Each structure stands twice: as C-alpha cells, then as structure tokens.
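Below you'll find the structure, written out as structure tokens, and then a few comments.
Bear in mind that the values here come from a model prediction, so they are computed numbers and not experimental data. The sequence lines fix the lettering, A, B, ..., with proteins before strands; numbering per chain opens at 1.
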Amino acid sequence: MNQASFPPVDEQVALLERGAVDLIDTEQLREKLQRSIKTGTPLTVKTGFDPSAPDLHLGHSVLLRKMKHFQDLGHRVIFLIGSFTGMIGDPTGKKATRPQLDREEILTNQKTYERQVFKILDKETTVIDYNDRWLGKLGSDGLVKLAGRYTLARMMERDDFRKRFRDNQPISIHELLYPLLQGYDSIALQADVELGGTDQLVNLLVGRDLMKEQGMEPQVVLTVPLLVGLDGVEKMSKSTGNAIGLEEEPTEIFGKTMSIPDDLMWDWYLLLTDTPEDEIEEKRRQVAAGDLTAKAAKQQLARRLTARYHSDSDAQYALEEFERVFAQGGAPDDTATMAARPDEPLTKLLVRTKLATSNKEAHRLVTQGAVSIDGERASDPFAPLESRSAPYLIKVGKRRFVRLEVS
RNA sequence: GGAGGUGUGGCCGAGUGGUCAAAGGCAGCAGACUGUAAAUCUGCCGGGCAACGCCCUACGGUGGUUCAAAUCCAUCCACCUCCA
C-alpha cells in the first residue's frame, strides 16, 4: 500500500481552522498531523449525524464542508449515522425530551441522507458507518460499566440539563446516557478528531474524557458555528422556515440567498464558500466604501451557492431570472398558463389559479393594489377579463404570476 | 390517593357576562421606497356574499344558565404544580 502524502502542517491547520468555533486543542492537532505526515497515515475523522433529519439544508452543509476539508487534505472521514443513538434522542439544546424513532424510520432516513450528503462529500472516500454496529453489542453489562465511568455531577454541568432540572422539567435517564454512548463511538472508531456543531461541544468533550480513561489518546474536538438562517436571527432550521434545502431549485436557492440581511452575507461567504478569507475581507471593505454594492456582493454569493448545488449555467439563469423578475418586474420563464372564461370575476379567478387562498384575500389584494393585469394595476375586484386570443399576464405581489387564456 | 392550576387565532400572549372576529408581540401578505425576496415606513392579516355593509363559523370537547357567554355552571379530555 502506498503511503499517502499530506500538505505541510501549517497549511492544513489554516484550512481546518477556517470558520471553526472551538478547537481543542490546536497543539494536539498539530502533533497528530505531524505524526500523520511522518507515518503516511491519514487521521480518522468522525462526525455523528442524527438520523431524524433527512432534509439537509445549508446549515448542515457547514459541518459537511468541514468534513470535506479533511477529505481534501487526504484524511479518512467517517460519516457516522446514529442508528442506535437516534432511538434515544439527543437532549442537546432541547427543552423537552425528543421523540424516539423506530428502526424503520431510521432506515428510510438513511437513504435520503446519503443522496444529499454526497453533494458535498466525496463518495469514493467517505466511510459511512452505523453506531448500532457496536452499541447494539454493548449489552446491559457493558452499558452499566460505561455509565460507571462518569458521574451525575459532571453530567449536570451541562447547561441544558441544569436548566431543565432547576425548572422541574423532566429529564429521562436515557438522555444522560446519550453523551456516554456518543463518546463510546469515538472509542470504537479510534477517532483522532471529532467534528460537530458548536452546540455539540459538551458531548464531544465527554468523548475525550472517556478515551483518556480508556488509556487512549483523546480525540481532538473541532466545532463549527450554527449557520444563521434567512431571517438573520435564528439558526437555520427547517421548522423555523428560514432554511435553504440542499435539494431546492436553482431559482429558489438564488432568490432566498438574496433575501438574507446584507450583514449576514459575510458569514455565509466564510462558512459556505471557499472564497479566501482575505478576498472576503476585501469585498467587505469595498461594500463599506461604496465601491461595490451590497446587492452585487450578495448576487455573487447567491450565484456561487446556486452553482455549487446545481450548475454554472443554472446559476447564471437564476441570476438573469432574478433580475428580470425583481429589477425589471417581468415574468419568469416558467410562468404557468391557465384557462379562464370571460364571465369569471377577478376574485374568483385569483382563487382558482391559487394566486390567493380565499375570496376574502383576493378582494383584499386587489384593494391593496397588489394585482396587475398586463402590467396595469387592477382596481375592480369583480371585473371579468374579456375574451381575446393572446393570454393575459396576471401578477400578484412581487413574485406570483400566472398567464391566463380567456376564451 | 389528595389539593390546586392551566388550555384563546400559525406561534407567544391579554381578555372574567354585552362596546369581541377577540388588545399587544412575532411570523406572514401587500403598498411605498430601494441596488435586493435587504433595511425602513404604512396598511392588511377566520370565511362567504357583485361587498365600505350583511351573514356564517371560532376562544380544549360536550351540555346547561342567560335576552346575551371566550367570560358563569356541570361534565369530559389534555397538560402542569404541590402534598402523600
């Protein structure tokens, strides 16, 4: 087997530290990298994924991209699906106990996961593993033994547990076991590095402790920030509705990126693109100085992200479409065409074509001047459209369009 | 086993018999403005009706009291707290 060769330590550390929140600790990482170069052995990098969230979004991609960095440097990246721990439910950051998943749900989710994950990770070299492989075998004796290595007091150092305890919120015993099992994963995989979101820090550190107890060299812990979502406030999550899914359409990825607050784009540049940091700084300076418009800077970002998950031409198209629709008020290419009769009042038309959800809303929209027909603002909610050969272009608000053929 | 509390529109949260389609906030939608689906300001924000008004449905479920109930009573359900 050929010995792998790796870039110099400094170069590796620089890439790995980019965008990271915690690195515990840097010295140890350097040692591990040094040794890896000397022996030609890649580091084993572990990242755990909860199998309950199969719809990945850009927030998840921050972590996946960090994994990719390790991959690009030639290290061995393990994508660990918490098939066993998923049945328990990670208590991190939760005010209430999570629902437990059953085996079948987890299996379905795993497939969806793989399809999305390889949009970022290298399919050839990624090792996918499942922690029920060893946790299933652990048995109750093994589990009790494992639990014997940690104390309640140390567990209660965690903020989320402490708060729930103080507020008389229930904490199930199995939730206390979760960090221990996650730490045991690191032992089983002999991880050199474990990656996670910054909210995972405490869990990751438990892994370090357990490894030390086991007489192993503890893993290095590296965390990445939680990406702030479209609203510019909350962390990105599907349930908050401020997410961009990895599988969304080009125009959606583009448009949604354009809707983030201007200030947020620098974070996104750092965490979601490979743009060199000094280049990002330069852009930021230019925008501050007025040499570059925030819109242009954001469009570059949107283009890059769209191209990343689709193609260059898709991204270019999304950009042109955005300009056409929002800057010039035109209609997008894929505007649906529907048919209508000449005696149908406007409000009914809007409801039937799904441009409004109720007659009441349709009426309201017309009254507020949100509806235009062929570019002319409509004022009469009840006026029908006259029959003619060319279709009408109906626009509601800024981004809802329908072509209507009236005959 | 006992005592008590809570349940309001997508979410949070006021409201203790009529003036309540229900304050306020968030989210959402729209208009103005703009380089943006940014920011800001303004308006809207249950449904039906050719419609600045009329009607219907709604405050955990059901059934009552009353001319009148989100508000009072009974009962059921759900969640929570305390005592044992």
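Between the C1' atoms of B:A78 and B:G61, the separation comes to 11 Å (whole Å). B:G4 and B:A22 have their C1' atoms separated by 28 Å, given to the nearest Å. Comparing the same atom, C1', in B:U57 and in B:G13 gives a spacing of 23 Å after rounding to whole Å. Comparing B:A69 with B:A21, their P atoms are spaced 12 Å from each other, to the whole Å. Comparing the C1' positions of B:A23 and B:G9 gives a spacing of 13 Å, expressed to the nearest Å. B:A37 and B:A50 have their P atoms separated by 35 Å, given to the nearest Å. Taking atom C1' on both nucleotides, B:C33 is separated from B:C26 by 24 Å, rounded to a whole Å. The same atom, C1', is picked in B:A70 and in B:G15; the two are 8 Å apart, to the nearest Å.
Between A:Gln328 atom CD and B:G35 atom P there is a gap of 14 Å when expressed in whole angstrom units. If you measure from atom CD of A:Glu252 to atom C1' of B:A37, you get 10 Å, rounded to the nearest angstrom. Spacing between atom NE2 of A:His363 and atom P of B:C45 amounts to 12 Å, rounded to whole angstrom units. Straight-line distance from the CG atom of A:Leu350 to the P atom of B:A30: 13 Å, rounded to whole Å. Rounded to an integer number of Å, the gap from A:Lys360 NZ to B:A50 C1' is 14 Å. Rounded to whole angstrom, the span from the CD atom of A:Gln286 across to the P atom of B:G35 amounts to 20 Å. To the nearest angstrom, P of B:A37 lies 11 Å from CZ of A:Phe401. As a whole-Å value, the separation of A:Glu234 CD from B:C12 C1' is 13 Å.
Using cut-offs of 30° and 60° for the angle between ring planes, the A:Phe79 and A:Phe49 rings count as parallel. The aromatic rings of A:Phe382 and A:His363 lie tilted to each other, with the angle between the two planes from 30° to 60°.
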Just the table, please: protein N/O against nucleotides 38-40 of chain B N/O, every pair under 3.5 Å.
from: B:A38; atom 1: O4'; to: A:Lys298; atom 2: NZ; distance (Å): 3.4

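A close approach under 4.0 Å does occur between a side-chain nitrogen or oxygen of A:Ser358 and OP1 or OP2 of B:G48.
With RNA chain B read from its 5' end, the first of the two nearest nucleotides for A:Ala383 and A:Phe254 is the one closest to A:Phe254.
Between the side chain of A:Asp129 and the backbone N or O of A:Ile81, no donor-acceptor pair lies under 3.5 Å.
The partner of B:G10, taking Watson-Crick or G-U wobble pairs whose two distances both stay under 3.5 Å, is B:C26. Of the nucleotides present, B:C56 is the one that pairs with B:G46 by Watson-Crick or G-U wobble criteria, both distances under 3.5 Å. Look at B:U71: it lacks any Watson-Crick or wobble partner with both distances under 3.5 angstrom. Across the strands present, B:A37 finds no partner; the criterion is a Watson-Crick or G-U wobble pair with both atom distances under 3.5 angstrom. Pairing for B:A3 is with B:U81, a Watson-Crick or G-U wobble pair whose two hydrogen-bonding atom distances lie under 3.5 Å. Nucleotide B:A21 forms no Watson-Crick or G-U wobble pair with any nucleotide shown, as no partner meets the under 3.5 Å limit on both distances.
Remark: the A:Glu321 side chain and the A:Thr251 side chain contain no N/O donor-acceptor pair separated by less than 3.5 Å. Residues A:Thr337 and A:Glu405 bring no donor and acceptor atom of their side chains to less than 3.5 Å of each other. Side-chain contact annotation: A:Asp209 with A:Tyr150, donor-acceptor N/O pair under 3.5 Å present.
When heavy atoms are screened at a 4.0 angstrom cut-off, A:Thr357 is found touching no nucleic acid atom at all. Residue contacts shown for A:Ala294 include a base, since a base heavy atom lies under 4.0 Å away.
Look at A:Asp274 and A:Arg304 and you find no salt bridge, because none of the NZ, NE, NH1 or NH2 atoms lies under 4.0 Å from a carboxylate O.
A side-chain hydrogen bond (donor to acceptor under 3.5 Å, both in side chains) with A:Gln12 is found for one member of A:Glu17, A:Gln34, A:His75 and no other, namely A:His75.
Taking every heavy atom of residues 364-382 of chain A and every atom of RNA chain B, pairs under 4.0 Å involve A:Arg364, A:Leu365, A:Gln368, A:Gly369, A:Ala370, A:Arg377, A:Phe382, by number.
A heavy-atom distance below 4.5 Å is found between the side chains of A:Ile120 and A:Tyr309. Looking only at side-chain heavy atoms (C-beta outward), A:Val117 and A:Glu114 stay at 4.5 Å or farther from each other. For the pair A:Tyr178/A:Val206, no side-chain contact is recorded, criterion being any heavy-atom separation below 4.5 Å from C-beta on.
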